Amino acid sequence: MPRDTVHACSECGFQSPQWHGRCPGCEAWGTLVQERIARGDSGSGRKRVARGGGGLGGAGAGPSLALVPRPLHEVGASALSRLSTGIGELDRVLGGGLVPGSLVLLGGSPGIGKSTLTNMALGHLAQAGRRTLYVSAEESAEQVRLRAERLAPGALSVPILAESDLEVVLQTLIAEAPEACVIDSVQTLTSLERGGAPGSVGQVREVAGRIMELAKARGVAVILVGHVTKDGVLAGPRVLEHLVDCVLQFEGERERPYRELRALKNRFGSTNEAGLFEMRQGGLVEVLDASARFVAEATRAPGSVVLAAMEGSRPLLVEVQALVAPSELEQPRRVVSGLDRNRLALVLAILARHGRVSTGGADVFVNVVGGVRLEEPGCDLAVALAVASASAGVALRGSPRACFGELGLTGELRWVGHPERRLEEAAKHGCADVIAPVDSGGAACEAATLGQALALALPAQATGPARAAA
C-alpha cells in the first residue's frame, strides 16, 4: 500500500519516508516533520518524461517532448520596466523599484515595521494610478485600516482582501489583475490541496510555488511578507529563498527608532545596498543623511569613536561605544550590539597581543549607537580604539575622531574598499584627521599597524604601551 505521508526537512526541504533525528540533506537536527503527500506528487513528472519518445523507452514510446535550445545571443532582451514604490530607500535596495512578474520576500521580527512599509509602498503606487491589492491572511480588514489611517493618504485607497485560503486569493488576483500585490504573510496562507498545518514545509512550498506561477504568467509584482525564527533567519524551507527573486531583511531594535533594510538576494540589482528608516507616529520616514545625525549625537567621551563605514554603495558615519569594567565573574562577559560577537573576540585578542591593552579580567561591552548593524571588516579599528580608550579612561584626540580599517592577526592595519568615499563623508561632517590604513589617500592620518593607530588616537600619557608595540 503506497504511503500517504512523508517526512520533510523545514530547513532544506529534503524528503524521506522515515523520520530522522538529523536531516540527511542539510545535517540539521530535529527539522524533519511529517506531512501528507498531495495527490499527483508520487513521481508523475518522472513518468511523463519516461513516456516521451526518443528517450530510454526506445522506439514507439510516443511523440517527443524535447524542445530546441537557442543560443543566448538569439534571445531577445526587452527593456526592464520597474514600478517605483515612492520610497527612495526601498527602491534603491530593490535596484530601482519593483519588477513586474517578480517575487520579493520581506522578512523581519514581529513589530519591526514590515506591514507599515508595505502599506506605504502600495499607497504610493495607488496614488500614482497603479492597480494594487493587499492580501491579509493574519489581520482583519479593520485592523489594517487602523494602521493605514496614520500613514500617507494613499494607504486608505488600497483594496484589501482578508483571506487565508490560497484558492480564493489566486482567483481574486486573476479577477482584479493588480500590478503590485502584497501578501501578508506567506506562512499563514493555506492550500486545501496540500495537507498539513499553515506554515508547514509542504504548505509554504505549495503556496509560494503557485503564487510564483501566477505572478510570472500575469506580470504581477508580488511582495511576500515572511516570518523569522527566534534566531532571526527566515522561517520555512530554504527552497522558499531559492524560489523568490529578491530576499529583503528588515532589521532593527524595537526599542530604537531606526530600521535597516538589507538585500540578501536580488536577481535584478545589487545585494550590497541598504536603506535606513526611522519609525515615527506617522509611519516610516527615510533617513537621507544619517551620518549628520549620528555624528551630532556622538558623546566625545572615553570609549567613543566614529566609524566611517560603507552600507552598500553609501558611506555612513556611526558612533561605536565601548565600556570596560572590572569583572566579578570567573569568566568575564563579552556583550556586543550591532556587531558580530566573534569579531569582537578577535579584535580583543589582537588588541591584547599587538596593542598591549589587556581586557582578560574585565567585562567588555561594545555598542553601535542607533541600532545599526555592521557586517563589514572595516569596523575592526573602530572597535579596537573604542576599547582602548575605555580601558585607559581617556577620550581620543580630536573627538569626535573618525577611523576605519581591518585588523590582521599580525597587528597590521589592512586596506578596505572605498576609502575616498569614507574620507569625503567624514570631511563633510567635520571629522578631520581620520585614522585609516596606508594608501587610503586624501588627508587621512595613515597607520600601518595597530600600534601606530593607537599612538595617533590616544593622548601621549596613554600611548606608552602602544608605542612599545609599534
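Just so it is clear, the structure is predicted and the values come from calculations on it, not from any experiment. Residue numbers run from 1 in the order of the sequence given.
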Please say whether more than 12 non-hydrogen atoms of neighbouring residues, nucleotides or ligands are located less than 6.0 Å from [atom1] in [X].
X	atom1	result
R414	CZ	no
E424	CD	no
E328	CD	no

Review point. Residues two or more places apart in sequence or in another chain: which of them pass salt bridge (charged side-chain N to carboxylate O under 4.0 Å, His left out) with R218?
Key: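 By the salt bridge (charged side-chain N to carboxylate O under 4.0 Å, His left out) rule, R218 matches no residue at all.
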**Study point:** Partner residues of R341 under the salt bridge (charged side-chain N to carboxylate O under 4.0 Å, His left out) criterion, sequence neighbours left out
**Key:**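 Applying salt bridge (charged side-chain N to carboxylate O under 4.0 Å, His left out) to R341 gives none.
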Heavy-atom closest contact ([X] atom, [Y] atom, distance):
X	Y	result
A221	L98	CB-CB, 4.0 Å
L307	G378	CD1-O, 3.6 Å
G209	L243	N-CD2, 3.6 Å
L189	A137	CD2-CB, 3.9 Å
V416	F404	CG2-CD1, 3.5 Å
L385	C403	CD1-SG, 3.8 Å

Is any side-chain heavy atom of [X] closer than 4.5 Å to a side-chain heavy atom of [Y]?
X	Y	value
P332	D363	yes
V347	V387	no
V295	C431	yes
R145	L156	yes

Exercise for review: With salt bridge (Lys or Arg N to Asp or Glu O under 4.0 Å) as the test, would you mind laying out the steps for D433 and R401 before giving the verdict?
Suggested key: CA-CA 7 Å; D433 301 327; R401 193 67 180 267; 5.1 Å; no
Review point. What is the distance from atom CE of M120 to atom CG of L125, rounded to the nearest 0.5 Å?
Key: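 Those atoms lie 12.0 Å apart.
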Check your understanding: Just how far is it from atom CZ of R373 to atom CZ of R262, taken to the nearest 0.5 Å?
Key ->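 So the CZ of R373 and the CZ of R262 are separated by 8.0 Å.
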Regarding [X] and [Y], does a basic nitrogen lie under 4.0 Å from an acidic carboxylate oxygen?
X	Y	answer
E319	R300	no
E176	R131	no
R210	E193	yes

Exercise for review: Show the numbers, then the answer: is there a salt bridge (Lys or Arg N to Asp or Glu O under 4.0 Å) between E376 and R343?
Suggested key: CA-CA 10 Å; E376 66 152 343; R343 199 76 191 177; over 6 Å; no
Check your understanding: Pick one: which of L94, L105, L264 meets side chain to side chain contact (heavy atoms under 4.5 Å, CB included) with L248?
Key ->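 Output: one option passes, namely L94.
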**Study point:** Flag for Q203-S191: side-chain donor and acceptor within less than 3.5 Å
**Key:**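 No, no side-chain donor-acceptor contact under 3.5 Å.
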Point to revise | Any donor-acceptor N or O pair under 3.5 Å, side chains T85, D91 | key: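 Yes, because at least one side-chain N or O of T85 sits under 3.5 Å from a partner of the opposite role on D91.
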Exercise for review: Start with the C-alpha distance between K114 and E138, add both sets of side-chain angles, then the distance that settles salt bridge (Lys or Arg N to Asp or Glu O under 4.0 Å), and finish with yes or no.
Suggested key: CA-CA 13 Å; K114 303 184 296 297; E138 295 183 344; over 6 Å; no
